[in-house]
Trainee: 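Sharing a structure with you now.
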Amino acid sequence: MIDGEFLSGTAQMISGACNMAGICDRHRLLLTSITRRLAVEYPVKMDDGTTVMIKGYRFQHCDARGPYKGGIRIAVNISEAEVAALSMLMSLKSAVLGLPYGGAKGGIVADKEKLSCAELEQVCRGYIRAIFPVIGPDTDIPAPDMNVSPEAMGWMMDEYERMTGRHVPQIVTGKPLVLGGSRGRVSAVAWGGVFLMEEIERRAKNHFRSYAIQGFGNVGGNLAKILAERNKPIVAVSDSKGGTYNENGLNISALARHKEKTGTVVGFNGGKDITNQDLLELDVDVLVPAARENQISERNADKINAKILLCLANGPINRQGSELLGIRDILVIPDILANGGGVVVSYLEWAQCRQGFAWRGSEVTQRLKDLMRFAYKNVSETSREYGKDLYNAAYILGVKNIVAAMKARSI
Ligand code: NAD
């Protein structure tokens, strides 16, 4: 039900943006449809000798701007509607960031916590064998998303190379450095968010200090680490089991050690336990959803007390929620702009692999910063041109950039 709402909400946002941008019905129809939906089931031999069938998806939304691009997530509760919505968001994100990509998304239905390392490797390799007919370095380039590590991307690349009998490091992004990964990819989403906040602070001539972060995985955990190094107080952090709060700021390295030991941020003795809902309602400068979709909507928007919502998760807020925050002057930095750092550094990794050349970390960081700033400038200009908030402006810019490519191809 919720995932159905996520998909219909995303399609409605695209449709609304097409209206505002004066896009014709034909292109609106294309943008609200999924080009290809691949659902697979493949066998995996478990450590105890039994065989289980694993379900997986690869959905491709639109490739007018270039090869399909998008992450793979591993979770027990993945639905086709969720994968479809996320593939649409990927097309828009790449278009907002000005990257030569279309949008896709993949999902593997499995409980990562219950798999041994050997079983997880077989799940990842089997997935690549199953979706092999629709991916390729110039057709569809998978990347990591929730619960997918660089090591897993390395297995996927290796499986593709075994099947093709040649080296193709540009087939996936987010790989380990030793296999052609890019410097900076693991923390790219977090750094992208930090660069955007720098730009917002520079334009607002104001410093935003206190942060609350929902999610303490790749995105939320790296953001917390970077902000702590910059002496920004992080008053609350949460994960799927609950959260922890300290009004004077949490000690992030001690919290990371606690999470490493216990598997959760709950029970940290440098903070007080809170729920995920408590975290969303805190009176902080910046609230960062960095976990899952569907966290803020018309159902709880009136309880949000932050000044800025930096959406690093995909789809954490719906249109109605965003409008309600806008009325209360809460600035929403939409996901298709805010978490673009991931696909930007994936693009830089793909470009390096195609050249057979590895750039220095400082080069990657500078390019990421430039592209994030440029995208923010473009979204801000669209916002002024159409008299809309940043959330709507990002969708307008995204659909316009995709439709420009469709028109250039006479689609
Ligand atoms: P991850 O699996 O590394 O971490 C997810 C975190 O969220 C974990 O701490 C988990 O415990 C927590 N979590 C899960 N359900 C929760 C809930 N209901 N309430 C609170 N916390 C919950 O995943 P990630 O890669 O950090 O991705 C997080 C978000 O960022 C996702 O929406 C993902 O699509 C988005 N994103 C990720 C990337 C990337 O490159 N990894 C790129 C762009 C966007």
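Excluded from the calculations below are hydrogen atoms, water molecules and symmetry mates; all remaining heavy atoms, backbone and side chain alike, are included. As the structure lists them, so they are numbered: ligands from 1, and atoms in each ligand from 1.
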Trainee: Nearest to atom 26 (O) of ligand 1, what protein heavy atom do you find, and at what distance?
Mentor: Val219 N, 2.8 Å
Trainee: Do you know which two heavy atoms are closest between Pro150 and Pro176, and how far apart they sit?
Mentor: O-CD, 3.1 Å
Trainee: Where does Ala143 meet ligand 1, judged by heavy-atom distances below 4.0 Å: at the side chain, the backbone, both, or neither?
Mentor: neither
Trainee: Among all protein heavy atoms, pick out the one at the shortest distance from atom 17 (C) of ligand 1; state its residue, atom name and that distance to 0.1 Å.
Mentor: Ser240 CA, 4.1 Å
Trainee: Just need the protein heavy atom nearest to atom 21 (N) of ligand 1, so name the residue and atom and give the distance.
Mentor: Asp239 C, 3.2 Å
Trainee: Any idea which protein heavy atom is nearest atom 37 (C) of ligand 1, and the distance to it?
Mentor: Asp145 OD1, 3.4 Å
Trainee: Heavy atoms only: which of Asn314, Asn218, Asn222 lies closest to atom 35 (C) of ligand 1?
Mentor: Asn314
Trainee: Yes or no on side-chain hydrogen bond (donor to acceptor under 3.5 Å, both in side chains) for Ser187 and Lys225, after CA distance, side-chain angles and deciding distance?
Mentor: CA-CA 10 Å; Ser187 52; Lys225 196 168 146 240; over 6 Å; no
Trainee: Of Gly341, Gly217, Gly263, Ala188, which has the heavy atom at the shortest distance from atom 6 (C) of ligand 1?
Mentor: Gly217
Trainee: Please determine whether a side-chain nitrogen of the Lys or Arg among Arg257 and Glu260 lies less than 4.0 Å from a carboxylate oxygen of the Asp or Glu.
Mentor: no
Trainee: Apply side-chain hydrogen bond (donor to acceptor under 3.5 Å, both in side chains) to Ser297 and Asn318, showing your working.
Mentor: CA-CA 5 Å; Ser297 67; Asn318 68 2; 4.6 Å; no
Trainee: I need the atoms of ligand 1 closer than 4.0 Å to a non-hydrogen atom of Pro144, numbered in the order shown.
Mentor: 39 (C), 40 (O)
Trainee: In the protein, which heavy atom is nearest to atom 7 (O) of ligand 1, and how far is it?
Mentor: Ala291 CB, 3.4 Å
Trainee: What do you reckon, does Arg185 put a non-hydrogen atom under 4.0 Å from ligand 1?
Mentor: yes
Trainee: Closest non-hydrogen protein atom to atom 42 (C) of ligand 1, residue and atom name please, with distance?
Mentor: Val189 CG2, 3.3 Å
Trainee: Would you indicate which of Leu312, Val237, Asn276, Thr173 comes nearest to atom 30 (O) of ligand 1 when only heavy atoms are counted?
Mentor: Leu312
Trainee: Suppose we measure from atom 2 (O) of ligand 1 to each protein heavy atom; which comes out shortest, and what is that distance?
Mentor: Asn147 N, 3.1 Å
Trainee: With a 4.0 Å cut-off on heavy atoms, is Gly215 touching ligand 1?
Mentor: yes
Trainee: Distance-only check: which donor-acceptor pairs under 3.5 Å involve side-chain atoms of residues 243-250, not counting sequence neighbours?
Mentor:
| from | atom 1 | to | atom 2 | distance (Å) |
| --- | --- | --- | --- | --- |
| Asn246 | OD1 | Asn248 | N | 2.9 |
| Asn246 | ND2 | Gly270 | O | 2.9 |

Trainee: Look at Arg125 together with Asp158 and state whether they make a salt bridge at an N to O cut-off of under 4.0 Å.
Mentor: yes
Trainee: Considering heavy atoms of the protein only, find what lies nearest to atom 23 (O) of ligand 1 and give residue, atom and distance to 0.1 Å.
Mentor: Met146 CG, 3.3 Å
Trainee: For Gln60 and Val134, indicate whether the former's side chain and the latter's backbone hold a donor-acceptor pair under 3.5 Å.
Mentor: yes
Trainee: Check if Arg73 has a non-hydrogen atom at a distance under 4.0 Å from any atom of ligand 1.
Mentor: yes
Trainee: Specify side chain, backbone, both or neither for Gln214, according to which of its non-hydrogen atoms lie closer than 4.0 Å to ligand 1.
Mentor: side chain
Trainee: Measure up the Tyr57 and Phe59 rings against each other and bin them: parallel (under 30°), tilted (30 to 60°), perpendicular (over 60°).
Mentor: perpendicular
Trainee: Closer than 4.0 angstrom, basic N to acidic O: yes or no for Lys232 and Asp285?
Mentor: no
Trainee: What heavy-atom pair brings Tyr68 and Ala104 nearest, and what distance separates the two atoms?
Mentor: CB-CB, 3.8 Å
Trainee: Has Ala290 got any heavy atom lying under 4.0 angstrom from an atom of ligand 1?
Mentor: yes
Trainee: Only one of Lys175, Arg354, Lys69 passes salt bridge (Lys or Arg N to Asp or Glu O under 4.0 Å) with Glu349; say which it is.
Mentor: Lys175
